Structures are given as C-alpha cells and as structure tokens.
Undergrad: 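Pasting a structure here, questions to come.
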Amino acid sequence: MKRRLHSRRGWLGNTISYVYLTVLAIFAVFPLLWIILSSVKEKGELTQNPTAILPQSVTWENFRIVFEQLNFGTNIKNSIIIAGSTTLIAIVISSLGAYGVVRFFPRFGKLMTRVLITTYMFPPILLAVPYAIIMGRIGMMNNRAGLVIVYLSISVPYALWLLVGFIHTVPLEIEEAARVDGANKLQVFYKVVLPITAPGIVAVAIYTFINVWNEFLYSLIMINSSSKMTIAVALRSLTGQEVLDWGVMMAASTIVVLPSVIFFMLIQKRIAGGLAQGAVKS
Amino acid sequence: MPVKRKTISSLTSWLFVLPALLVVVLLMLYPVTSSIFYSFTNKNLIKADFRMIGLDNYKAILTDNTFWTAFLTNLKWTAASLLGQLLIGFSAALALNRIKKGSGIYRTLLIIPWAFPSIVLAFSWKWILNGVSGFLPNLLVKLGICDTTPQFLSSAALAFPTLVFLNIWFGAPLMMVNILSALQTVPQDQYESARMDGASPLQSFVHITFPHIRMVVGLLVVLRTIWVFNSFDIIYLITGGGPGSITKTVPIYAYDTGWGMRMLGKSSAVTVLLLLSLLFICSMYFKLLNRWEKENA
C-alpha cells in the first residue's frame, strides 16, 4: 500500500516536472528562434503578420544589407581580434598564476579567493571612469589594444578562479616524478600540468572568449569610430538610425548570438558547476 | 651553491604569479583607488585640468532626490530579480534532478538565455514586446486577453516589472545549473534511509537536501546580488532608465552623470557610493555564510 502510494506520487511528480520544464524551455528558446525566424522574413510580413511563426518565404536580403550596406564584417573582425587576443593573453597569465598559487603559494589560496571576490564587487561602471581617464592620458582611447588591456580586468580574475579548480585535480605524484627526472618548474608546468588540464583550459578559454564577445559597457566607453567598434556597440549604433528595420537588426543579432549559444552549449558542463563550487572548495 | 639554486627556484615561483598579480593591481586596485581620488575632484570628461573640491560631489549627490529614487529602484531591482532567479532556478534544478529521461536536452535548452549578449537580449525582447508589430502584444490582442496592444517597455506601470522579468529570464539558468550540480553531490543513501524512517519529501528536503546545498546557494546569491546590483547593460539598452526615470538605477545615474553631463568626478563619487552599499550588503551575507560554515563543520 505504502509503496503504491509512493509510485503514484512519483508518477505525478515526474509529470509535473516534465510539464514545468517544457514551459520553461519554451520561454528559454523562443527569443533565439524568433530572432532567426524574423531575420529571414520579408519586410512586409514582419509588420503585417506579427503573430505568424513561420516565414511565408525565406529571404537573405537582410543578411545582404548587414554585410554590404552596414559593413558589419569589419565589426565581426574587430570582435574576433579583440576577443581572441584577450583570451590568449588572459589564459597564459591565469594558468601560470593558478598553478603558481596552488603549488608554490598554497597559503595564499584563501587570500587570493578573498581578493578575487572583492574585485568582483567593483562595479564595472566604477572602473569605467578611471579607465576612460587613464587610457585617454596614455593615448589609448579609441584603440583596440587599449580595449584588450581593459578586457584583461574582466577575464583574468574569472579564469584564475575557474583554473584553480582544474589545477587542484592534477595528481602531485606525476609532477614529483617529472621533477625527479630533472625537469624544472616551467617544464613540469607545460609538459605535465598543461596536457592534463587541457580540456579545462580550453573550456575556460571559450568561456573567456564568449564573455568578451558579449561585452558592451567598456566597448561603448572606449571606442567611438565605427571602423573600430566591436559587434555589440556596432549593433547598438543601428538603433539611432531610423531607416533601419527590424529584419536587418534581427539578421545582425543572429550573427552575434549564434556563436555564443553554440560554443556555450559545448562547454557548459565543464564551466557551469565550477563557478560557485570553486569558491566553496578553496 | 645550494643557496643560489634555491633563490633562483623561489624566483621562478614568483614569476608564475607575477603577471596575474600585476593585472589585479594595475587594472583593478589602482583604478579603484584613483576613482576614489577623482570622486573628490571636479574632473570633466573632456577637460584635462581639474582641482580638489572636497566633499562637494558627495554633498550634491546625497541631496539629489533623483539619486535616492535611483537607489531605491536599484534595491527593488536587485531584490525582485534575485528572488525570481532563485525561485525559477531552484525549482527547475529540482525538476531536472528528478526526471530520468531527457534531462540533458532540457538542460541544454534551458541554459540558452545565459549565452545571450546583453545587446541581443535587448534587441530580441524589444522586438518581441514591440508595441506596434511585436509578437507578444499582438498575440495577447488576438487571444482576447487585451483590447489594445500593451506597451510593455514604455508604459509607466509595466516597464519595471518587464525589465525584472527579462533579468530573471537571463539569470535563472546560471542559478539552475549551479544548484543542480550541488544537488547531485547530496549522498543518495541518506534519502533512502529517511524514506525508510517514513520521512515525507518535504521533510527530507528540509533536513537532508537544504543543509547540504545551502553553502553553494548562499554563495550564488552573493555573487548574483553583486552582479545584478551593478548591472548596467540590460536597463541601459532596453529602456535607458525611462519612461521618465522609473527604471533608472544607480549605474545608469552614474553613466548619465559621467558621460551625459560629462562630470566624471561626480560620477566617480556615485560609483564609490554604489561600491560602499554593496560592501555593506555583502558583509551581512558573509556573516550568515560564516555561521553556516561553522554549523557544517
């Protein structure tokens, strides 16, 4: 009797769970679907039939305007260069740093966590003021390299935080064996530690890239000529122009959002759980 | 000779951490210090020279009604968003943890909002909610729920709740995924023995699940509070603080002061106040977390 009650309760609970998750999934997916569908609809269809889900005919006109008239290719190139260089520099700095703290200065681990949580509290808008002043003074305003430097501030602390968790999983015995064979610290790091933690490092690198690709505020403050703009700010500048229609904006949005979503899906398992737990463990 | 080798060895140890240390000091600690300094000056966005003006910026801000309205809006924005994100994230994590088939697919679909750049979040929802040809307003009219298309983003009554909804949409997946991975660390045999003793699902949640995951949940709440309290993009890109200044939070107020009115010194003072209130809120959180940590130990 009791068991039957349990299984009936289990069946009801499962059904409620599936219904609930399905409703949430519709909300989660709909905007992405809507962007993509709107980007291939005819201009007239967008305004005349706002509740029709599927397009009557598929057009690539909006994408053509995005690349040919708005020169969006330049902005995509800027974003790839800026996000790529930031990621490369940030990963080198923070994998060295994470390994150094874990192996050579373990007593500072707790202090580092505190410092990182404190810096996480700094409002981006607070840092924006001194960045604008300092970069202006050293002549790096409206400069892509300047933006890369600023972006290290949002990527290095995060990457450090996540990488410390991955480095902890490297067995000390393997490193000691390499040391006995005569390898120095740097050799141990790149011959032993890097290969073992490579999947984690790749995940952190992709995460860093997505975060920089998505960033808006610093890019808004630092860059003002359209040929140097990143995609986020270039997209924003479209809103000022009244001639533009939603189809074109959705085409541009599709180009910006799809890489983020696809890459994020690939790495989510490795990154996601670690954000809060990294701090609890250390 | 051994001494020399040891010195070299400890020197390389330092070289590992030096670049990261430099980034934190030069790009975070130094700018914050200089921002505190500029908050006592009349620094202008385009003029090079400035002078110390003592507490004038702070006096001007603290006697400005718009600031206090923005501050209150900031608190409401943070509390409402956090509560919603936690509620949705927690319940979705429990549901995902329960089902056996398809949890991977649901999980993958549900995290999509997390990957959205703020600019695309703004554009897509502005288009979906557009008062003339947006999908949702027209659907509501078609279904007979509304007589005229509701103006979600430009009406004084709807703009703030709509923004909170969008922030929950964006932030709930992060909560969900982290709570889910915490749920999966709870030892299953404890549930088994609790059920043998006749505990109800609610009782085993309160006595087994919650004590196990509360540290992770607590830390998540702290991290997200910080993030939402400081968030600028979503509001700036969707309503810009309007209609009127109904959705204006402190970061928007600071941006308007610094880049709209070009008063960088005053803007610095606003952001310093923002940081101070955040430090206060977080110190209260950490008191609670420390107590939990002691109880767990």
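Any value given below was found using the heavy atoms of this structure, including those in side chains, with hydrogens, waters and symmetry copies removed. A quick note: this is a predicted structure, and the numbers were derived from the prediction, not measured. Below, chain A is the first sequence line, B the second, and so on; all start at residue 1.
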Undergrad: Could you have a look at B/Pro173, B/Ser124, B/Gly265 and say which one has the most heavy-atom pairs with chain A under 4.5 angstrom?
TA: B/Ser124
Undergrad: I'd like to verify something: which residue of A/Pro31, A/Ser38, A/Ala25 has the highest number of heavy-atom pairs under 4.5 Å with chain B?
TA: A/Pro31
Undergrad: Between chain A and each of B/Phe116, B/Tyr30, B/Phe232, count heavy-atom pairs under 4.5 Å; write down the option with the most.
TA: B/Phe116
Undergrad: For the residue pair A/Tyr218 / A/Ser153, report whether a side-chain donor-acceptor contact shorter than 3.5 Å exists.
TA: no
Undergrad: If I measure from the heavy atoms of chain B, does A/Ala232 come under 4.5 Å with its side chain, its backbone, both, or neither?
TA: both
Undergrad: Where does the angle between the aromatic ring planes of A/Phe30 and B/Phe135 fall among parallel (under 30°), tilted (30 to 60°) and perpendicular (over 60°)?
TA: tilted
Undergrad: Count the heavy-atom pairs under 4.5 Å between each of A/Val29, A/Leu46, A/Ile16, A/Val129 and chain B, then report the option with the highest count.
TA: A/Val129
Undergrad: For the atom pair CG (B/Leu275) and OG (B/Ser39), what is the distance rounded to the nearest 0.5 Å?
TA: 11.0 Å
Undergrad: If I measure from the heavy atoms of chain B, does A/Arg137 come under 4.5 Å with its side chain, its backbone, both, or neither?
TA: side chain
Undergrad: For chain A, find which of B/Ile179, B/Leu289, B/Leu264 contributes the most heavy-atom pairs closer than 4.5 angstrom.
TA: B/Leu264
Undergrad: For this output row, return yes or no: ring centroids of A/Tyr99 and A/Phe104 closer than 6.0 angstrom.
TA: yes
Undergrad: Which residue out of A/Gly136, A/Pro130, A/Pro124, A/Gly100 racks up the most heavy-atom pairs below 4.5 Å with chain B?
TA: A/Pro130
Undergrad: Non-hydrogen atoms of chain A under 4.5 Å away: do they reach the side chain of B/Leu237, the backbone, both or neither?
TA: side chain
Undergrad: Please classify the contact of A/Met121 with chain B as side chain, backbone, both or neither, using a heavy-atom distance under 4.5 Å.
TA: both
Undergrad: For the CG atom on A/Leu111, are there more than 12 heavy atoms of other groups (residues, nucleotides or ligands in this structure) within a distance under 6.0 Å?
TA: yes
Undergrad: Please name the residue in the list B/Val250, B/Leu278, B/Thr249 that meets the side chain to side chain contact (heavy atoms under 4.5 Å, CB included) test with B/Phe229.
TA: B/Leu278
Undergrad: Which atom names give the shortest non-hydrogen contact between B/Ile99 and B/Tyr106, and what distance separates them?
TA: CD1-CD1, 3.9 Å
Undergrad: Measure distances from A/Ile35 to the heavy atoms of chain B and classify the residue's part below 4.5 Å as side chain, backbone, both or neither.
TA: side chain
Undergrad: Using a cut-off of under 4.5 Å on heavy-atom pairs, state which of B/Ile111, B/Val270, B/Leu274, B/Val217 scores highest against chain A.
TA: B/Ile111
Undergrad: Side chain, backbone, both or neither: which part of B/Trp127 has an atom under 4.5 Å from a heavy atom of chain A?
TA: both
Undergrad: Looking at chain B, which one of A/Val115, A/Leu186, A/Ile53, A/Ile125 has the largest number of heavy-atom pairs inside 4.5 Å, strictly under?
TA: A/Ile125
Undergrad: Between A/Ile134 and chain B, which part of the residue has a heavy atom less than 4.5 Å away: side chain, backbone, both or neither?
TA: side chain
Undergrad: Using the six-membered ring wherever Trp is involved, compare the ring planes of B/Tyr38 and B/Phe50 and label them parallel, tilted or perpendicular (cut-offs 30° and 60°).
TA: perpendicular
Undergrad: Counting only heavy atoms closer than 4.5 Å, note whether B/Ile88 contacts chain A via side chain, backbone, both or neither.
TA: both
Undergrad: Counting only heavy atoms closer than 4.5 Å, note whether B/Val32 contacts chain A via side chain, backbone, both or neither.
TA: both
Undergrad: Hey, what do you get for OG (B/Ser181) to CE (B/Met176), rounding to the nearest 0.5 Å?
TA: 10.5 Å
Undergrad: With a sphere of 6.0 Å drawn around CZ of A/Phe27, does it hold more than 12 non-hydrogen atoms of other residues, nucleotides or ligands?
TA: no
Undergrad: Can you tell which part of A/Thr47 gets under 4.5 Å to a heavy atom of chain B, answering side chain, backbone, both or neither?
TA: both
Undergrad: Against chain B, label A/Thr254 side chain, backbone, both or neither, depending on which of its atoms sit under 4.5 Å from a heavy atom there.
TA: neither
Undergrad: Between A/Ile262 and chain B, with a heavy-atom cut-off of 4.5 Å, which part of the residue counts as in contact: side chain, backbone, both or neither?
TA: neither
Undergrad: Against chain B, label A/Val101 side chain, backbone, both or neither, depending on which of its atoms sit under 4.5 Å from a heavy atom there.
TA: both
Undergrad: Compare every heavy atom of B/Pro31 with every heavy atom of A/Leu127, then report the nearest pair and how far apart it is.
TA: CD2-CB, 3.8 Å
Undergrad: Is the CZ atom of A/Phe108 crowded by more than 12 outside heavy atoms at less than 6.0 Å?
TA: no
Undergrad: Relative to chain A, which of B/Ser231, B/Ser267, B/Gly258, B/Ser91 shows the most heavy atom pairs under 4.5 Å?
TA: B/Ser91
Undergrad: Which one of A/Leu220, A/Ile221, A/Leu126 has the most heavy-atom pairs closer than 4.5 Å to chain B?
TA: A/Leu126
Undergrad: What class does the angle between the rings of B/Trp14 and A/Phe105 fall in, given that below 30° is parallel, 30 to 60° is tilted and above 60° is perpendicular?
TA: tilted
Undergrad: Look at A/Ser17, A/Pro123, A/Ala128, A/Ala132 and state which one has the largest set of heavy-atom pairs under 4.5 Å with chain B.
TA: A/Pro123
Undergrad: Looking at B/Trp227, B/Phe37, B/Tyr255, which makes the most heavy-atom pairs under 4.5 Å with chain A?
TA: B/Tyr255
Undergrad: Tell me, for B/Tyr253 versus chain A, whether the close heavy atoms (under 4.5 Å) come from the side chain, the backbone, both or neither.
TA: neither
Undergrad: May I ask you to test the B/Val228-B/Phe170 pair for a side-chain heavy-atom distance under 4.5 Å?
TA: no
Undergrad: For A/Ser260 and A/Asn214, which I'm curious about, is there any donor-acceptor pair between the side chains at under 3.5 Å?
TA: yes
Undergrad: Side chain from CB out, backbone as N, CA, C, O: work out which of these in B/Leu27 comes under 4.5 Å of a heavy atom of chain A, or both, or neither.
TA: both
Undergrad: Against chain B, label A/Leu235 side chain, backbone, both or neither, depending on which of its atoms sit under 4.5 Å from a heavy atom there.
TA: both
Undergrad: Using non-hydrogen atoms and a 4.5 Å limit, figure out which bit of B/Lys100 sits close to chain A: side chain, backbone, both or neither.
TA: backbone
Undergrad: Measure distances from B/Leu22 to the heavy atoms of chain A and classify the residue's part below 4.5 Å as side chain, backbone, both or neither.
TA: neither
Undergrad: Is chain B contacted by the side chain of A/Ala90, its backbone, both, or neither, given a heavy-atom distance below 4.5 Å?
TA: neither
Undergrad: Hey, can you tell me if A/Tyr207 and A/Tyr158 have their rings parallel, tilted or perpendicular (30° and 60° cut-offs)?
TA: tilted
Undergrad: Do B/Trp125 and B/Trp169 have side chains that approach each other closer than 4.5 Å (heavy atoms only, starting at C-beta)?
TA: yes
Undergrad: Under a 3.5 Å cutoff, is there a donor and acceptor pairing between the side chains of A/Ser155 and A/Thr86?
TA: no
Undergrad: Is it the side chain or the backbone of A/Tyr131 that comes within 4.5 Å of chain B heavy atoms, both, or neither?
TA: side chain
Undergrad: Please classify the contact of B/Ser13 with chain A as side chain, backbone, both or neither, using a heavy-atom distance under 4.5 Å.
TA: both
Undergrad: Within a 6.0 Å radius of atom OH on A/Tyr20, are there more than 12 heavy atoms belonging to other residues, nucleotides or ligands?
TA: yes
Undergrad: I need the A/Arg236 CZ to A/Met249 CE distance, nearest 0.5 Å.
TA: 10.5 Å
Undergrad: Non-hydrogen atoms of chain B under 4.5 Å away: do they reach the side chain of A/Ile149, the backbone, both or neither?
TA: both
Undergrad: Which bit of A/Pro157 is near chain B, if near means a heavy-atom gap under 4.5 Å: side chain, backbone, both or neither?
TA: side chain
